[in-house]
Trainee: 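Next up is a structure, given as structure tokens.
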Amino acid sequence: MTSSEHNVKPETEVRVSVRRKRLRKSGVTAENVKKLEPQYQKLVSLPDIEELAYEKPSSTLPLRKSKAISSVTNDKNQVKPPSNWLKVVEGIREMRSLEDTPAPILGPEKVGDSLSAKDWRFAILISTLLSSMTKQHVNHGAVQRLIDNNLLKAETIEETDESTLKTLIYPVGFYTRKATYMKKVAKICLLKYNGDIPDTLEELLSLPGVGPKMAHLVLHLAWNDVQGICVDTHVHRICNRLGWVSRHGTELPTKTPEETRESLQLWLPKEEWVMINPLLVGFGQTICTPLRPSCSQCGINELCPSAFREAAPKKITSKKT
């Protein structure tokens, strides 16, 4: 992120509602759109990559079947599962049940009549795009400001100038770049999908700013179609620490989340693909942290080949003579 992105802040606070005509013609700029303070108790909950609570999709949403594009299949005979993976999963699940879990993601029925099924799917895509490299409460604030200004639809985003979008989503990570992505995604969705979003992995991955992790997440939440595991940095790190994944043809750890996804899908039963992300994400945020994991507090340290290797070292005090 450039230094200029940190210095951009909205000044004047005058609320303007967005109409069908273009904002540039009506004189609306980034400076005169009201930047509302986040009101987290009122938020319309949309998905966050890092703290996703999977639920059954609403029966009101149409389901579509997409075509898998990955060459990796879940062939249980191809890779032998780790001998203790079920014990590890149960141990992590037990630890997570003893802690405060993130608030569940609300389904479309909680939004009321404000969003149609098509607009809800587009909102999922935009919320997921904003959530990358962004803390949950920051992403919620940005999404809420878009909702308050009627800017969570493909039509209204396409009609809004980029500087206004930057002001409204600030300070999400890489907000300048994401405002550009939002404009491009809205235009593509209007031209090719009548304001809806793609229902295949291949088409989702063709959208600006959408990678494999986002594509799999959006496909599951928006279309109830599970084509792969959603692997973020937490899942990538923990799977390598547990020795669950390796680079193809070697015993070396995977280098990227995408390599982890492909390796994990070779042996993990498909019925577990949805639950593994929120389970490991919560575990990675509390115990198996990136730096100095709390191995002494971990209930599965006896099953983990990496236990205590990266834990915080004990302080040694030397006596003065």
Side-chain angles (χ1 to χ4, degrees), residues 1-2 5-11 13 15 30 33-55 96 98-108 110-112 114-115 120 122-153 157 164-179 181-182 209-211 213-214 217-218 220-222 230-238 257 277-291 294:
M1 185 187 300
T2 61
E5 292 182 352
H6 289 288
N7 297 329
V8 178
K9 291 185 179 180
E11 297 177 357
E13 296 191 351
R15 183 169 183 177
V33 174
K34 182 176 181 181
K35 181 179 179 183
L36 302 175
E37 291 298 324
Q39 301 178 13
Y40 305 125
Q41 69 274 15
K42 295 182 182 180
L43 290 182
V44 176
S45 295
L46 288 169
D48 293 281
I49 292 285
E50 301 300 330
E51 300 213 11
L52 176 66
Y54 286 101
E55 295 184 347
R96 296 297 299 134
L98 299 176
E99 300 173 359
D100 294 331
T101 56
I105 302 301
L106 301 181
K110 301 294 183 180
V111 184
S114 60
L115 294 177
W120 168 249
F122 185 82
I124 287 176
L125 175 60
I126 294 300
S127 176
T128 304
L129 179 66
L130 295 178
S131 68
S132 177
M133 304 296 292
T134 304
K135 292 183 179 180
Q136 183 186 26
H137 71 277
V138 175
N139 185 54
H140 277 180
V143 170
Q144 185 62 55
R145 289 190 292 276
L146 292 174
I147 292 174
D148 291 339
N149 287 277
N150 192 30
L151 286 175
L152 208 54
K153 300 178 183 180
I157 287 181
T164 300
L165 293 176
K166 286 194 294 185
T167 301
L168 290 173
I169 66 175
Y170 176 86
V172 301
F174 303 98
Y175 68 95
T176 296
R177 189 181 308 170
K178 289 178 180 178
Y181 289 155
M182 288 169 64
V210 177
K213 175 182 65 176
M214 294 184 192
L217 177 60
V218 171
H220 168 62
L221 290 177
C230 182
V231 176
D232 56 14
T233 56
H234 296 289
V235 178
H236 172 60
R237 177 182 71 253
I238 294 171
N277 178 278
L279 184 66
L280 295 188
V281 166
F283 180 55
Q285 291 173 332
T286 55
I287 296 178
C288 198
T289 51
L291 299 176
S294 304

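These figures come from a predicted structure and were not determined experimentally. The analysis underlying the following values was restricted to heavy atoms, covering all of them including side chains, and did not include hydrogens, waters or symmetry mates.
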Trainee: With the side chain counted from C-beta on, respond yes when Arg96 and Leu279 share a heavy-atom pair under 4.5 Å apart, and no when they do not.
Mentor: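 Arg96 vs Leu279: side chains touch.
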Trainee: Within a strict 4.5 Å, meaning less than it, do heavy atoms of the Ile126 and Val143 side chains meet?
Mentor: no
Trainee: Decide yes or no for Leu130 and Ile169: does some side-chain heavy atom of the first lie under 4.5 Å from some side-chain heavy atom of the second?
Mentor: yes
Trainee: Is there a side-chain contact between His220 and Cys230, using heavy atoms and a 4.5 Å cut-off?
Mentor: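 Answer no - side chains too far apart.
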Trainee: Flag the pair Asp232 / Pro257 as yes when at least one side-chain heavy-atom distance between them is below 4.5 Å, and no otherwise.
Mentor: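 No. Closest side-chain heavy atoms not under 4.5 Å.
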Trainee: Identify the two heavy atoms, one from Pro290 and one from Gly284, that lie closest to each other, and give their separation to 0.1 Å.
Mentor: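 Closest approach of Pro290 to Gly284: CD-O, 4.1 Å.
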Trainee: The criterion is side chain to side chain contact (heavy atoms under 4.5 Å, CB included); which residues satisfy it with Leu129, sequence neighbours excluded?
Mentor: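 Tyr181, Met182, Met214.
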Trainee: Could you tell me the separation between the NE2 atom of His140 and the NZ atom of Lys135, rounded to the nearest 0.5 Å?
Mentor: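 That separation rounds to 14.5 Å.
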Trainee: Tell me, with the steps shown, if Ile238 and Val281 meet side chain to side chain contact (heavy atoms under 4.5 Å, CB included).
Mentor: CA-CA 9 Å; Ile238 294 171; Val281 166; over 6 Å; no
Trainee: I need the Leu125 CG to Trp120 CH2 distance, nearest 0.5 Å.
Mentor: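 Those atoms lie 12.5 Å apart.
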Trainee: I'd like to know if the side chain of Thr134 reaches the main chain of Val172, judged simply by a donor and an acceptor atom lying under 3.5 Å from each other, with no hydrogens or angles considered.
Mentor: no
Trainee: Can you check whether Asp148 reaches Gln144 side chain to side chain, under 4.5 Å on heavy atoms?
Mentor: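 They are in contact (side-chain heavy atoms under 4.5 Å apart), so the answer is yes.
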Trainee: When rounded to the nearest 0.5 angstrom, what distance separates CG in Leu221 from CD1 in Ile124?
Mentor: 5.5 Å
Trainee: Hey, does the side chain of Thr286 reach the backbone of Gly282 with a donor-acceptor pair shorter than 3.5 angstrom?
Mentor: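 A pair under 3.5 Å: yes.
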Trainee: To the nearest 0.5 Å, what is the distance between CG (Leu280) and OG1 (Thr233)?
Mentor: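 Leu280 CG to Thr233 OG1: 11.5 Å, rounded to 0.5 Å.
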Trainee: Starting from the C-alpha separation in whole Å, work towards a yes-or-no answer on side chain to side chain contact (heavy atoms under 4.5 Å, CB included) for Leu151 and Leu168.
Mentor: CA-CA 10 Å; Leu151 286 175; Leu168 290 173; 3.3 Å; yes
Trainee: Nearest 0.5 Å, what's the OG-CZ distance between Ser132 and Arg177?
Mentor: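 Between Ser132 OG and Arg177 CZ, I get 10.0 Å after rounding to 0.5 Å.
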Trainee: Compare all side-chain heavy atoms of Asn149 with those of Thr164 and state whether any distance is below 4.5 angstrom.
Mentor: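 Of all side-chain heavy-atom pairs linking Thr164 with Asn149, none is under 4.5 Å.
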Trainee: Does Lys178 use its side chain to pair, donor to acceptor, with the backbone of Lys166 at less than 3.5 Å?
Mentor: no
Trainee: Minimum heavy-atom separation for Leu152 to Phe122, with atom names?
Mentor: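 Nearest heavy atoms, Leu152 then Phe122: O-CD2, 3.7 Å.
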Trainee: Please enumerate all residues that pass side chain to side chain contact (heavy atoms under 4.5 Å, CB included) together with Thr289, with sequence neighbours excluded.
Mentor: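 In terms of side chain to side chain contact (heavy atoms under 4.5 Å, CB included), with neighbours along the sequence ignored, Thr289 is linked to Pro293.
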